[in-house]
Amino acid sequence: MPLSDIRARIAEAETAAGRAAGSVTLIAVSKIQPAARVEAVLDEGQRIFGENYVQEAALKWPAWRARWPGVSLHLIGPLQTNKANKAVELFETIQTLDRPSLAEKLARLAQGRGTSPELFVQVNTGAEPQKAGILPDMADDFIAACRMMDLPLAGLMCIPPDGEDPAPHFAHLARIAERNGLAGLSMGMSADFETAIAHGATHVRVGSAIFGARSPRPA
Ligand SMILES: *Cc1c(COP(=O)(O)O)cnc(C)c1O
């Protein structure tokens with residue numbers, strides 16, 4: 001679907017939810033997409049992108065950043081502590097802060113560099129064992145601990161369980177953000193970003209609806 005159609009759908013969802021025009025940021029999820037598709041979207045003016053893998057982003061983005069100034073990259077895939085070093089250099093935003101050991105590592109890096117990417121805490125709203133994210137019951141304490149470390153928290157992120165109505169998960173994430181005074185809500189993907197906007201999403205992460213289906217991840 002053309003980028004302009006996605007933008008129009010976001011604008012309609014903002015209006016329907018009684019929210020200000022432009023209050024939702026579109027993150028174009030470019031993981032494992034052919035270069036030509038990503039370049040076409042850059043040519044159309046999109047500058048905010050999401051990537052899942054540190055290594056893949058490190059290979060692709062330096063050249064694209066040089067050609068299309070103003071790019072801002074969000075890490076939306078799980079971050080191994082031993083890749084945090086590289087991640088803080090590559091990404092303007094890390095959305096997958098999900099455990100104390102990673103918070104400590106990011107805090108040490110921030111101290112050493114004098115700057116940090118903007119951070120979202122990932123919450124495992126479905127409490128799925130195989131999924132990353134802090135459990136909802138632990139979120140308040142974890143957020144408080146991150147603040148004690150002076151980490152720049154912008155908001156919360158979630159990926160609802162496959163095959164479930166995402167709406168209760170979006171509502172739950174919004175409640176956790178609200179009671180912790182966090183403004184950012186990264187939720188909603190190709191299949192459900194309008195529902196997420198109705199529940200207060202400030203950032204939607206849309207991949208296949210913009211770029212087409214992804215081929216399987218190369219080995
Ligand atoms: C891949 C991915 C997306 C985009 O998914 P689509 O269904 O292609 O829009 C969004 N968020 C995360 C965390 C992802 O891994």
Side-chain angles (χ1 to χ4, degrees), residues 1-10 13 24-35 37-38 40-41 44 46-58 60-61 72-80 83 87 90-99 102 117-134 136 139 154-167 169-170 172-174 177 184-218:
M1 182 177 294
L3 185 65
S4 54
D5 288 9
I6 302 288
R7 291 196 174 288
R9 284 171 59 186
I10 290 172
V24 177
T25 298
L26 171 62
I27 301 170
V29 176
S30 46
K31 64 173 174 227
I32 345 176
Q33 291 288 353
R37 289 190 195 163
V38 181
V41 166
E44 287 181 85
Q46 176 69 24
R47 288 293 178 272
I48 305 176
F49 290 85
E51 289 284 350
N52 286 58
Y53 311 104
V54 174
Q55 204 57 37
E56 184 190 344
K60 298 192 304 191
W61 281 97
S72 182
L73 282 187
H74 290 240
L75 179 66
I76 60 171
L79 178 55
Q80 291 170 255
K83 294 206 177 119
L90 270 167
F91 291 92
E92 277 74 18
T93 305
I94 294 175
Q95 296 207 355
T96 49
L97 171 53
D98 64 351
R99 60 191 188 279
L102 182 58
E118 171 183 74
L119 301 171
F120 284 66
V121 169
Q122 182 176 356
V123 182
N124 186 357
T125 56
E128 296 174 276
Q130 82 291 0
K131 196 166 272 176
I134 196 100
L156 303 180
M157 178 270 223
C158 77
I159 310 169
D162 276 342
E164 267 186 40
D165 178 6
H169 295 275
F170 296 153
H172 192 182
L173 195 73
L185 278 176
S186 172
M187 53 192 200
M189 320 202 312
S190 291
D192 55 18
F193 67 86
E194 282 129 331
T195 306
I197 291 170
H199 286 84
T202 59
H203 295 69
V204 293
R205 311 179 306 267
V206 182
S208 44
I210 296 174
F211 295 107
R214 287 178 289 274
S215 33
R217 190 185 177 197

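Here, residue 1 is the first one in the sequence, and each next residue gets the next number. Below, all heavy atoms of this structure are taken into account, side chains as well, without hydrogens, waters or symmetry copies. For ligands, and for the atoms within them, numbers begin at 1 and follow the listed sequence.
- Within the structure, salt bridge (charged side-chain N to carboxylate O under 4.0 Å, His left out) pairs that include any residue of residues 121-131 comprise E128-K131 (at least two apart or interchain).
- When side chains are defined from C-beta on, L26 counts as touching V204, because their heavy atoms get closer than 4.5 Å.
- The ring pair (Phe, Tyr, Trp, His ring centres under 6.0 Å) check on F49 picks up W61, with sequence neighbours excluded.
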Report all N/O contacts between ligand 1 and the protein shorter than 3.5 Å as a table of atom names and distances to 0.1 Å; if there are none, say 'none'.
{"unit_1": "ligand 1", "atom_1": "8 (O)", "unit_2": "S208", "atom_2": "N", "d": "2.7"}
{"unit_1": "ligand 1", "atom_1": "8 (O)", "unit_2": "S208", "atom_2": "OG", "d": "2.8"}
{"unit_1": "ligand 1", "atom_1": "8 (O)", "unit_2": "R214", "atom_2": "NH1", "d": "2.8"}
{"unit_1": "ligand 1", "atom_1": "8 (O)", "unit_2": "R214", "atom_2": "NH2", "d": "3.3"}
{"unit_1": "ligand 1", "atom_1": "9 (O)", "unit_2": "S190", "atom_2": "N", "d": "3.0"}
{"unit_1": "ligand 1", "atom_1": "9 (O)", "unit_2": "S190", "atom_2": "OG", "d": "2.5"}
{"unit_1": "ligand 1", "atom_1": "9 (O)", "unit_2": "G207", "atom_2": "N", "d": "2.8"}
{"unit_1": "ligand 1", "atom_1": "11 (N)", "unit_2": "R205", "atom_2": "NE", "d": "2.8"}
{"unit_1": "ligand 1", "atom_1": "15 (O)", "unit_2": "K31", "atom_2": "NZ", "d": "2.7"}
{"unit_1": "ligand 1", "atom_1": "15 (O)", "unit_2": "N52", "atom_2": "ND2", "d": "2.7"}

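- To the nearest 0.5 Å, the span separating CD on Q122 from OG1 on T96 amounts to 6.0 Å.
- Screening residues 158-167 for salt bridge (charged side-chain N to carboxylate O under 4.0 Å, His left out), with sequence neighbours left out, gives no hits.
- In this structure, N124 and G133 approach most closely via the heavy-atom pair CB-O, 3.6 Å.
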